[in-house]
There are 2 protein chains.
Amino acid sequence: MATGTDPSTARSVRSPSVKDVATRAGVSLGTVSNVLNRPDRVSEATRSRVEKAMADLGFVRNESARQLRAGRSSTIAYVMLDASNPFFTDVAQGIEDAAEQADMSLFICNSDNRASREARYLQRLQQQRVTGILITPVDPSHPSLDELSRHGTPVVIVDRVGNTEDHCSVAVDDVLGGRLAIEHLLDLGHERIAFVGGPESIGQVRDRLDGARGALAGTGASLTVVHTSALSVAEGRSAGERIAGLPRSSRPTAAFCANDLLALGLLQQCVGLGIGVPDQLAIVGYDDIDFAAAAAVPLTSVRQPRRDLGRTAAELLLDEATNADHEHQQVLFTPVLVARASTRRT
Amino acid sequence: MATGTDPSTARSVRSPSVKDVATRAGVSLGTVSNVLNRPDRVSEATRSRVEKAMADLGFVRNESARQLRAGRSSTIAYVMLDASNPFFTDVAQGIEDAAEQADMSLFICNSDNRASREARYLQRLQQQRVTGILITPVDPSHPSLDELSRHGTPVVIVDRVGNTEDHCSVAVDDVLGGRLAIEHLLDLGHERIAFVGGPESIGQVRDRLDGARGALAGTGASLTVVHTSALSVAEGRSAGERIAGLPRSSRPTAAFCANDLLALGLLQQCVGLGIGVPDQLAIVGYDDIDFAAAAAVPLTSVRQPRRDLGRTAAELLLDEATNADHEHQQVLFTPVLVARASTRRT
DNA sequence: CGCATTAGTTGAAACCTTTCAATTACCGAG
DNA sequence: CTCGGTAATTGAAAGGTTTCAACTAATGCG
C-alpha cells in the first residue's frame, strides 16, 4: 500500500515545533518550554500531557533556535592534525571522554596537515559559535589563533605550545622525551646513534632532537641525523635504506626515531634487508601507539599520556568557557620510556 | 598595561550582528544581507562600504540564525564505529573529500562500538538538523535508523547493508572477499586452513566466513574456525596462542583473519613463538590498512576501496538531500586481494 | 469570609539572519 | 517634461526557542 503519494512518507513535512506541541496539548508554548527546561515548575498532569503530545508528534528540539537564543552552542571542537596517525585519534578519545562527562557535543575536524583546510574549519566553527576549540595546529604561532581568542572563542592548543598570552596549552615535554630515549640507549652501551626525523619545522622534531643532543653532551657517543621529509611509515623505510647503505664500521648501532610511524618503517626495512633488530640496530620510537607493541619486534618507545593530554585539554577549555576568573595555563606532561624487544640487550 | 578591567579584553562582548554592520555602514540590514548573499545586486560603492564595516567590527556570520531561517544546516555527519581502526579513518577521509567538494561541513563522531553513545549522537545530530547522516552502525537493523529516515533526515549506511527500504548503503562484497582469500590459499596448496574472527554477530565476519566456506566447498581442504571476541590486535595474539597449541600434524598451514588487526596480532604472536611466516603459517588479513604493508612480514590482505567507499556514500547522501527524485540504492564494491610476503610460496 | 501567598500558566519579546514585496532614485526615450 | 523601465535599496515578516514579567487559580491562615 505504500504508494508514492502516501503523505506519511512525504519527506518535506516541516518538523513539529513547540507551538505545535502546545496546540496539541492544549497549553501555551511557554509551558512546553518549561516542561523541557524546568520540569519541576510544571504540574504532574500537564507535564505528562505535554510529553504525550511530544511523543505523538515526534517532536525534536531545534538546536539552531536554542543556540540562537542562548548565543552559544553546547559544542566544542577538536581540529586534529592527522587523522591517520593513531596518536591523534587517541588524544581525541580523551577529549571525548571529558566532553561526554560535561554533556557537550564534540565536533571532530581533520586538517590533514593543510593550513587551508584548517583555516576553513576554524572559520566555520566560529560561525557556529562553538563554545571552544581544541586544536593541534599546523602552525602554532599563526595569528589566526590569537584572533579567535580575542574574538571570544576560547582556544586550547594541544600537543604544542602556542602564544601563552592568549590561550592554554597542553603538551608533553619533548625535550625530556628525547633525553630519555638517548639515555636508554647509552645505558645499553651504544656509542653511534642515529636520529631519524624531520622536517625540523615541526616543533616536536626540534625538541626531541634537542633533548637527544643534550643527553649526549659530554659523553663520547656520536649522533648522526638522518633527515626525513615527513613523519610517515614510508619515510621510515627510506631512512632505513640510507642507514643500511653506510659501511658497517661507521653505521650507527641504534636509532632514535621522532615518532613510531618512522620507527615502524625503519624496522620493516631492517627486517627486509637482513639487519637484525636489536642486534645490529636497536630502535627507539616515540608515541607508543598501539601498533608499536604489536610490531613483529615489539618497539621500545617513549610513551606520551595521550588520553590524559586530550582530557586535560578539554577540561581547560571548559573551564575557560564557564569560569569567569579563568587563568591561562600551560600544562606539561612527562613522557615515559617503555622498553621492549627492539632495544633488548643481547 | 593589560589590567583585568581593560574593556578591550573583556570576553562577553556580544559579537556584532548584521544590524550593527548596517548601522555603521549607514545602510539597511537588508543591504548587508545582500552583500553577503547576492553581491551582484549591490552597487560597487555600497558593497565596499559594507565590507569595510564588517572588517572594522569583526563581523562573523551567525550560523545558528542562518540555519534557523533555512530550516537545514549545511553539515553532514559521519558516525564512525571505531576511530582507532585505521580502516574507518580512511573511510572518513573519503567522505571528507566529497564533503569539501560540495562545500559542506563534516561532523565526525565516534560511537566507539557502543550503542548508547551512538544513540546519543544520533539524537544530537537530529536536533542540529543536519542535512544527513552517514553511519557505520553498531547494529544495522536497529529501528532508530529507519525512524531517522522517516523523520526526514537522510541516512546512508556505510560498510553494512541496512534496511533497503529506507536508505542507501555502500558496502564491499565481503562474501567475495572471503572467497578471494581462500582461493589464494588454495592456489598455494594449503589444505588445512583456519578462519580467525568473531564475534559472528558482526555482519562482516559472517559474510567473510561464508565466502570462505563457499570457496572451500568441493575441495578437499578443511576449515577450522578460531573464534575471537573482538576484531583487535590483542585478540589476534590470543588466537595465535591457540593455533600454536595445536599438534603440528593437525595444525593449519594457513590462516585467514577477519581483519588486519587480528592478522597483525596473530603475526606478532607467531614471530614470538618461533612459528615461521609464511613457512609454517601463511596469513591473509582483511582491509589492507597501511600498517599491513608495513608489518615486519608484509601482510597479504584483501583490500577494500576505503576512500571510494566513503566518497560514494557521501555522494549518495548529498544526492538524497538535494535531489527530489532520488532513489535509494545499494552500492557494492569489489574487493581485491593484495599478495605480499606473508603468503609467499617458499 | 477575606487576604496573602504560592503554584501553575501565559504571551510577548528577543536572539540574528534571509527573503521578498514595495519603494526610491535614476536614466533614456518620446 | 513626462513616462516607462531598470537598478539599488529598504523594511517587515518569518523561523523556533527561551525567558520573564504578569496573570490566574488555588491554598492556607487568621
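So that the names make sense, note that chain A is the first sequence line, chain B the second, and so on, each numbered from 1.
The pair B:R307-B:D90 fails the salt-bridge criterion, with no side-chain N (NZ, NE, NH1 or NH2) lying under 4.0 Å from an Asp/Glu carboxylate O. Using a cut-off of 4.0 Å between Lys/Arg side-chain N and Asp/Glu carboxylate O, A:R150 and A:E147 are scored as not salt-bridged. Salt-bridge formation is detected for the pair A:D56/A:K52: a Lys NZ or Arg NE/NH1/NH2 atom is positioned less than 4.0 Å from an Asp or Glu carboxylate oxygen. Electrostatic pairing of A:R311 and A:E96 does not count as a salt bridge here, judged by no charged N lying under 4.0 Å from a carboxylate O. The pair A:D103-B:R124 meets the salt-bridge criterion, since a charged nitrogen lies less than 4.0 angstrom from a carboxylate oxygen.
Within 4.0 Å of B:N37, counting heavy atoms only, lie sugar-phosphate atoms of the nucleic acid but no base atom. Heavy atoms of B:S17 sit under 4.0 angstrom from primed sugar atoms or phosphate atoms, though from no base atom. Counting non-hydrogen atoms under 4.0 angstrom, B:V32 reaches nothing in the nucleic acid.
Side-chain proximity of B:S28 to the nucleotides D:dG11, C:dT17, D:dG16 is greatest for D:dG11. In this structure, the nucleotide among C:dT18, D:dT17, C:dT10 sitting nearest to the side chain of B:R66 is C:dT18. For B:F59, the side-chain atoms get nearest to C:dT17 when compared with the rest of C:dT9, C:dT17, D:dT10.
Distances shorter than 4.0 Å separate none of the side-chain N or O atoms of B:S33 from OP1 or OP2 on C:dT17. Between A:R129 and C:dC16, a side-chain N or O to OP1/OP2 separation shorter than 4.0 Å is absent.
Sequence order on DNA chain D of the closest nucleotides to B:V27 and B:A65 puts B:V27 first from the 5' end.
A straight line from CE of B:M54 to P of C:dC16 spans 17 Å, rounded to a whole angstrom. To the nearest angstrom, P of D:dG16 lies 15 Å from CD of B:Q127.
No donor-acceptor contact under 3.5 angstrom links the side chains of B:D308 and B:T312, judged on distance only. Looking at B:H151 and B:T153, their side chains never bring a donor and an acceptor atom within 3.5 Å of each other.
For the contact set between residues 38-49 of chain A and DNA chain D, defined by any heavy atom under 4.0 Å, the members are A:R38. Annotation: proximity of residues 67-75 of chain B to DNA chain D (heavy atom, distance under 4.0 Å) is found for B:L68, B:R69, numbered in ascending order.
Atom CD of B:Q101 has 12 or fewer neighbouring heavy atoms from other residues, nucleotides or ligands inside a 6.0 Å radius. A:R41 CZ: 12 or fewer foreign heavy atoms inside a 6.0 Å radius.
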